[in-house]
Protein chains: 2
Amino acid sequence: MLGLAGMGSENQAAIPCGNGCESSACTHCTQRALVAKQHLFTHGDEQRYIYYVHAGCLRLYKTLGNGRRQVIGFSFAGDFIGFGIGPEFPYNAQSIGRSEVRCLPRGTFHRLALEIPRFAFRLYEATTLELAAAHDLALTIGQRNSAAAVASFLLWLSRRNERRGVEPTTISLPMPRTDIADYLGLTGETVSRTFTRLKVGGLIRVTRKRLVQLTDLPALLELAEGMAGEHAGYRHSDGPRRTPH
Amino acid sequence: MLGLAGMGSENQAAIPCGNGCESSACTHCTQRALVAKQHLFTHGDEQRYIYYVHAGCLRLYKTLGNGRRQVIGFSFAGDFIGFGIGPEFPYNAQSIGRSEVRCLPRGTFHRLALEIPRFAFRLYEATTLELAAAHDLALTIGQRNSAAAVASFLLWLSRRNERRGVEPTTISLPMPRTDIADYLGLTGETVSRTFTRLKVGGLIRVTRKRLVQLTDLPALLELAEGMAGEHAGYRHSDGPRRTPH
DNA sequence: CGACAAGTTGATACCGTTCAACCTGCGTGG
DNA sequence: CCACGCAGGTTGAACGGTATCAACTTGTCG
């Protein structure tokens, strides 16, 4: 019903729009193609549409007055962007490479929500999943060290693959290192260094810079929880420490 | 209508329950009194109720395998706790001091949502506000240094006061320093040091440890945005630096 | 009052940042 | 087709903000 079937991502709300976006909400939708680094919208823009990513990948981010940037999420094909009720977008959405989005007029979207309870309930559900993802992000940024943060990032993408029936140990990273860094509250250099340490530790294998193979999932899981045991491949530097961070 | 009037907090969804919780959702609600440090629920508990904080203050937090804790929010009187659709709570809710909550059976809550579109839409709105707060938290933890983080925390409480018609320059902190620390991704010691630096800088005045007066809002706003100008009271240590953090 | 939790302050260590140099890969245009 | 250019990525050295550990002070509640 409604063409809003299930959820896909835990990061961006994902309500697959059926085969080709033929849901009732999509009746009057327009398309938009974006080139690399082009913004779909920026912080403060009037919220006119809710977007559905048909192809490509976007980064969602907020900035501070001094220019520092926090990536708050990535939107992949099949994800929705722009749930929210304020008059303006509270963050920026920018295409990473080339991408294609469908624009659903906010008005009809919300009218449907008020007419059809199940529809509104689905919006509630979807937002709830995004909220859980945002809480996980806070946990990662605030409490995980660089290794744990990168590990949990990779595992997140792995679980995402799994949910979509894709091989969960081979991961493609559409985004540059700096995006991963600004997502995890680190710098590009630190992310790069962490990748190589995971690599020499035998936990991952990197090919073509945007392709990663997870070769030791149990170790990655332990790392992500901050339980960097002595047994497995990865050891932080030299000598054990009390409480790393 | 419905007894669900407006929003109160940007942190926890706040739909004031009217005067005394006489909304239709509250028809069969039960009460629960909590003492200091008592948990309302913990991570993994079955989600049976949605809670309404009638008095007191709770901390919501998640933990890592190694024991590190991330506070993801504070729930004050008038806030709701426990929106979400999964079978289990994805975080812990613990009373800070003494508090009192009303328990709304999740089933009737969701049944109402499916029967009454406006109700479901309100849930969607409320969750959306929580999501924005979670994104702000990620920005704070990931990109603000300790001074900026504490400043934005105080300003958040100030705005909260303002919205409730309370004096926005006098702030009470029901939570201990360690909670603020785990909320901002810092340690209690760092929070304490930051408070005293703000104090000697003349930006705040601290009385009785849980009461703060904001004596220089413009400077706090600049600090929170990372634009620690040379003019105002607060200067980080000695000598200017390129990009602090 | 007395005990214990919470908060402050100090000394030191270190993880991640910063700055810088270099490498790599890919798209563009001569 | 190769040369060039440049963004993205890696690696190194040094600095510094924050964590850690520890001692002490303050506040609070029974």
Side-chain angles (χ1 to χ4, degrees), chain A residues 35-37 59 66-69 96-98 140-150 173-182 184-200 206-212 223 226 228 235-245, chain B residues 35-37 59 66-69 96-98 140-150 173-182 184-200 206-212 223 226 228 235-245:
Chain A
V35 299
K37 294 179 188 172
R59 66 182 138 246
N66 61 358
R68 298 188 68 100
R69 183 183 75 145
I96 290 177
R98 264 189 265 274
T140 292
I141 303 174
Q143 306 301 332
R144 288 194 236 251
N145 60 21
S146 61
V150 170
L173 306 168
M175 71 293 287
R177 297 284 188 270
T178 52
D179 278 342
I180 302 175
D182 286 347
L184 301 176
L186 302 169
T187 61
E189 293 93 325
T190 297
V191 170
S192 181
R193 273 185 259 268
T194 306
F195 269 103
T196 65
R197 277 192 285 162
L198 291 175
K199 205 165 49 182
V200 303
V206 181
T207 49
R208 296 219 314 283
K209 296 201 163 157
R210 298 278 176 104
L211 264 184
V212 180
L223 239 197
R235 189 90 58 81
H236 178 59
S237 51
D238 37 20
R241 210 164 291 101
R242 212 73 56 95
T243 40
H245 183 200
Chain B
V35 300
K37 295 180 189 172
R59 65 182 140 246
N66 61 358
R68 299 188 66 99
R69 183 183 74 146
I96 290 176
R98 264 188 265 273
T140 292
I141 302 174
Q143 306 301 332
R144 289 194 236 250
N145 59 22
S146 60
V150 170
L173 306 168
M175 71 291 287
R177 297 284 188 268
T178 53
D179 279 342
I180 302 175
D182 287 345
L184 301 175
L186 303 169
T187 60
E189 294 93 325
T190 296
V191 170
S192 180
R193 273 185 259 268
T194 305
F195 268 103
T196 66
R197 278 192 286 162
L198 291 174
K199 205 164 50 182
V200 303
V206 181
T207 51
R208 297 217 315 283
K209 300 214 158 140
R210 298 280 175 102
L211 263 184
V212 180
L223 239 198
R235 186 89 60 79
H236 177 61
S237 49
D238 38 20
R241 210 164 290 102
R242 214 74 56 94
T243 38
H245 183 203

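Chain A is the first sequence line, chain B the second, and so forth, proteins listed ahead of strands; every chain is numbered from 1. Everything numeric here is computed off the predicted structure, so don't read it as measured data.
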Side-chain N or O of [X] versus OP1/OP2 of [N]: is the shortest distance under 4.0 Å?
X: Ser146(B); N: dG17(D); answer: no
X: Thr190(B); N: dA19(D); answer: yes
X: Thr196(B); N: dT8(C); answer: no
X: Arg197(B); N: dG17(D); answer: no

Nearest to the side chain of [X], which nucleotide is it out of [options]?
X: Asn145(A); options: dG16(C), dT11(D), dG7(C); answer: dG16(C)
X: Leu186(A); options: dT11(D), dG16(C), dT8(C); answer: dG16(C)
X: Lys37(A); options: dA19(D), dT9(C), dG8(D); answer: dG8(D)
X: Arg68(B); options: dT20(D), dG9(D), dT11(D); answer: dT20(D)

Separation of [X] atom [atom1] from [N] atom [atom2], in whole Å?
X: Lys199(B); N: dT8(C); atom1: NZ; atom2: P; answer: 6 Å
X: Ile96(B); N: dA5(C); atom1: CD1; atom2: C1'; answer: 15 Å
X: Arg144(A); N: dA19(D); atom1: CZ; atom2: C1'; answer: 19 Å
X: Gln143(A); N: dC15(C); atom1: CD; atom2: P; answer: 17 Å
X: Ile180(B); N: dG7(C); atom1: CD1; atom2: P; answer: 8 Å
X: Asp182(A); N: dG9(D); atom1: CG; atom2: P; answer: 12 Å
X: Leu223(A); N: dC15(C); atom1: CG; atom2: C1'; answer: 15 Å
X: Arg177(A); N: dG25(C); atom1: CZ; atom2: C1'; answer: 13 Å

Please name the pair of heavy atoms, one in [X] and one in [Y], separated by the smallest distance, quoted to 0.1 Å.
X: Gly188(A); Y: Ala181(A); answer: N-CB, 3.4 Å
X: Ile96(B); Y: Pro176(B); answer: CG2-CD, 4.2 Å
X: Met175(A); Y: Ile180(A); answer: CG-CG1, 3.7 Å

Is any side-chain heavy atom of [X] closer than 4.5 Å to a side-chain heavy atom of [Y]?
X: Gln143(B); Y: Ile141(A); value: no
X: Val212(A); Y: Lys199(A); value: no
X: Leu198(A); Y: Leu223(A); value: yes

Side chain of Arg193(B), base of dG17(D): donor and acceptor closer than 3.5 Å?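 No such pair is found, so the answer is no.
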Between Val191(B) and Glu189(A), name the one whose nearest nucleotide on DNA chain C is closer to the 5' end. Val191(B)
Contact state string [nucleotides 25-30 of chain D, B base, S sugar-phosphate only, - no protein heavy atom under 4.0 Å]: -SS--S
Rounded to the nearest 0.5 Å, how far does OG1 of Thr178(B) lie from CZ of Arg69(B)?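 It comes to 5.5 Å.
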Exactly one of Thr190(B), Thr187(B), Val191(B) clears side-chain contact (heavy atoms from CB on, under 4.5 Å) with Ser146(B), and that residue is Thr190(B)
